[in-house]
Amino acid sequence: MHKSCHHQQHAEMEPNQHFLYILGTDVLSERTENGKKVHIQISGRQIIQTKLRKSCSCTTKRLKNVVMDFFPVLRWLPKYHCREYIWGDVMSGVVIGIILVPQAIAYSLLAGLKPIYSLYTSFFANIIYFLMGTSRHVSVGIFSLLSLMVGQVVDRELLLAGFDLNDDDDAISNSYEWNGNNSNVTAFNLTLGGLSAECGKDCYAIGVATALTFLAGFYQVLMGVFRLGFVSMYLSESVLDGFATGASLTILTAQVKYLIGIKIPRSQGHGILLTTWINIFRNISQANQCDVITSVVCIAVLVAAKELGDRYKQKLKIPLPTELVVIVVATLVSHYGKLNEVYASSVSGAIPTGFIPPQLPNFNMMHRVALDAVPLAIVGFAFTISLSEMFAKKYAYTVRANQEMFAIGFCNIIPSFFHCFATSAALAKTLVKSSTGCQTQVSSVISAVVVLLVLLFLAPLFYSLQKCVLACIIIVSLRGALRKFRDVPQRYHMNKVDTLVWCVTVFSSALISTEMGLLIGVLFSMLCIVVRTQRPRTALLGQIQSTAFYEDDWEYESLCPVPNAKIFRFEAPLYYANKDFFLKSLYRMTGLDPTLEAAKRKKNEKKQKEHLKEGNRGTIVKGSDQADTALHLVPKQVDFQTIIIDCSSVTFLDTAGIITLKEILKDYNELKITVLLACCNPSVIDSLKRGDYFGKDCKKMHELLFYSIHGAVQFARDRKKGKCFH
């Protein structure tokens with residue numbers, strides 16, 4: 001009779017009717033007589049053989065697809081709608097080109113290189129991404145964070161090679177030529193293309209930068225080959241934002257000496273920000289009044305123009321070319337006012353026209369910068385992929401993340417042969433590009449043409465441009481990153497842990513170093529995840545009146561306690577690191593530790609036996625003492641006979657988790673308390689079956705596992721009433 005009742009109430013829990021097994025990624029499926037699906041895993045050897053056979057087959061069609069996948073421009077350019085797209089692409093390309101020129105010259109200060117190399121970088125990066133990129137809107141070129149990271153490595157290697165890091169030793173001389181008589185020459189021999197010559201400070205610096213850039217690109221291509229794009233998943237938004245903000249503080253600090261026109265030694269190692277500020281205040285009395293006045297005027301003009309542009313951006317079809325106007329005006333004033341000669345104001349110096357012949361990166365330097373290239377590669381592709389996916393989602397098209405890694409990798413590898421340094425996508429220029437009507441990467445070609453005109457004809461005109469003007473452009477461009485501090489209260493209200501990750505990343509990037517800041521941010525972010533799973537939220541649930549739903553009785557009012565049952569929720573996977581917390585929480589919330597309770601009961605039973613023996617011997621016990629002893633020997637009464645564990649938030653179980661569940665099942669059963677599991681996902685069920693939690697051949701599954709909490713509650717009530725028996 002009870003068997004029939006049981007089948008009527010729990011037919012839905014029969015394992016042959018509702019459990020699905022997926023044992024591998026590639027499976028074959030077949031159906032048995034009772035309708036249950038059985039999935040058979042294909043051997044890994046067969047999978048590898050199939051994939052190799054498919055990937056190694058060489059046909060004309062496959063070769064064509066490989067080439068067109070590697071150069072996406074071959075797919076979309078023949079379909080280019082000239083009348084529809086050309087105006088927007090030309091407009092955005094010209095605007096970005098105009099923005100690129102002053103930024104390229106300015107960011108050369110961050111990289112510790114001459115402005116000509118920044119212009120080369122901007123030119124080649126746009127051309128290569130046009131050929132290989134899959135995003136229609138991303139603007140690839142020099143990026144302030146990467147320029148800073150390159151500059152720190154360049155400064156370190158220059159210092160180790162014995163060079164003087166003071167900037168203006170030869171600022172107005174043409175230092176782009178090989179010069180054995182240069183006063184700042186080291187004994188380092190650089191052999192490029194069979195030419196051996198003593199290398200001056202500037203050529204040594206670009207040698208370090210190109211070696212670093214080549215390795216960063218090589219790492220990015222390797223990531224694409226081995227499909228390691230998942231690494232970027234560990235760079236959360238909080239980490240990236242914190243890294244950008246912390247690095248912005250370092251960039252700001254590095255530009256202050258140019259703003260006020262003082263000469264201080266470049267700091268190296270950890271704590272650059274604090275050391276630099278100490279040196280600034282020590283030398284503040286040497287500030288150049290001409291540079292200070294110029295900086296104040298330029299910052300005021302740039303900030304005012306940016307604020308006006310932000311306020312009226314809906315009415316302005318194109319952004320104001322404020323940086324270019326400021327550079328042109330400042331250069332004219334500096335030239336005709338002879339600010340360098342009269343006031344000793346530091347200027348950019350000679351910028352040659354044309355292209356320097358391509359040369360191999362310095363492979364002898366690569367072992368020195370191999371580790372430095374790792375964070376450079378990760379940051380570069382993380383920003384590029386995140387921006388590509390963001391704008392692809394906004395404009396409803398798709399990008400291929402793996403191809404983006406190839407594209408940004410070759411945007412570093414190929415230009416490294418042409419005296420360029422590391423590049424990536426930049427948010428500010430991408431936003432401008434999309435807002436000015438960009439439709440395709442044809443706009444990148446237009447931007448490259450604008451930079452090319454500067455390289456071929458206009459570069460020498462920037463000879464008299466003051467470095468403080470370039471520093472002003474860099475500092476004003478950091479407005480977006482520095483404004484993140486205003487968002488801290490909102491960020492804290494949204495998620496306290498993410499805010500803590502952001503703060504740790506900001507201060508470690510600023511106070512220690514940019515590379516260490518990124519590493520610390522990633523590790524701290526992962527630690528927070530581990531801690532949150534080690535000590536997750538736990539709750540006892542109550543029933544919402546007249547419904548089949550159950551919620552946390554700590555959070556909600558008017559919940560009905562379930563008679564004779566405790567419903568425990570654990571909001572994390574159950575694994576070796578949190579199994580002890582799971583047990584402590586369960587024991588604390590139910591008010592019953594089965595191990596201790598079992599020990600107490602055994603002790604009481606032993607005392608009771610001894611008491612009976614003494615009674616049989618005729619031991620005389622007074623009435624009151626006998627009553628006290630009997631009361632003491634009564635085992636503790638509990639107000640529940642069933643524990644239901646809500647596993648809806650348990651995403652997986654490891655071996656320790658399975659053993660823990662088996663132990664509590666055994667311990668509570670010894671106290672005549674039933675343990676039921678509810679809302680388990682298929683992977684958890686599979687782990688329990690493989691761990692023999694349900695007994696041999698899963699005979700007890702229908703008694704221990706339920707689809708819903710309400711089903712488990714009903715089962716417990718029915719068994720209590722005696723309608724169904726085990």
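Sequential numbering from 1 along the given sequence is applied to the chain's residues. No hydrogens, no waters, no symmetry mates; every other heavy atom, side chains included, goes into these values.
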Just checking, any donor-acceptor pair under 3.5 angstrom between side chains of Gln220 and Asn412? yes
Pairing of Arg690 and Asp686 as salt bridge, 4.0 angstrom limit: yes
Using the rule given for side-chain contact (heavy atoms from CB on, under 4.5 Å), can you reason through Tyr693 versus Ile659, listing the C-alpha separation, both sets of side-chain angles and the distance that settles it, and then say yes or no? CA-CA 9 Å; Tyr693 180 84; Ile659 293 173; over 6 Å; no
Pairs meeting criterion ring-ring contact (aromatic ring centres under 6.0 Å, His included) with involvement of residues 495-522, two or more places apart: Phe485-Trp502
Short side-chain donor-acceptor distance under 3.5 Å, Gln545 and Ser558: no
Minimum heavy-atom distance Gly380-Ser424, with the two atoms named: O-CB, 3.6 Å
Closest approach of Val501 to Gly521 (non-hydrogen atoms, all atoms of both residues): CG1-O, 4.3 Å
Does either side chain, that of Ser139 or that of Tyr129, offer a donor lying less than 3.5 Å from an acceptor on the other one? no
Heavy-atom closest contact (Cys528 atom, Val497 atom, distance): CB-CG1, 3.8 Å
Give the minimum heavy-atom separation between Ala656 and Tyr576, together with the two atoms involved. CB-CA, 3.7 Å
Would you confirm whether the ring centroid of Phe582 sits within less than 6.0 angstrom of the ring centroid of Phe568? yes
Does the side chain of Ser135 come under 3.5 Å of the side chain of Glu404 through a donor N or O and an acceptor N or O? no
Please determine if Arg156 and Asp372 form a salt bridge, counting it only when a charged side-chain N lies under 4.0 Å from a carboxylate O. yes
Within 45° cone of Tyr492 ring axis and under 6.0 Å: Lys496 NZ or CZ: yes
Checking Asp654 side chain against Gly657 main chain: does a donor-acceptor pair fall under 3.5 Å? yes
What do you reckon, are the aromatic ring centroids of His710 and Phe715 less than 6.0 Å apart? no
How many angstroms lie between atom CG of Leu511 and atom CE of Met516, to the nearest 0.5 angstrom? 12.5 Å
Check: Asn495 main-chain N/O paired with Asp498 side-chain donor or acceptor under 3.5 Å: no
Please find the pair of heavy atoms, one from Tyr219 and one from Ala377, that lie closest to each other, and give the distance. CB-CB, 3.9 Å
Does anything in residues 227-253 pair up under salt bridge (charged side-chain N to carboxylate O under 4.0 Å, His left out), and if so which pairs, sequence neighbours excluded? Asp241-Lys484, Asp241-Arg491
Among residues at least two apart in sequence or on other chains, which ones pass side chain to side chain donor-acceptor pair (under 3.5 Å) with Glu555? Arg537
For Ala422 against Val150, the heavy-atom pair lying closest together: CB-CG2, 4.1 Å
Is it the case that more than 12 heavy atoms not belonging to Phe218 sit under 6.0 Å from its CZ atom? no
Do Glu597 and Lys602 meet the salt-bridge criterion of a basic N to acidic O distance under 4.0 Å? no
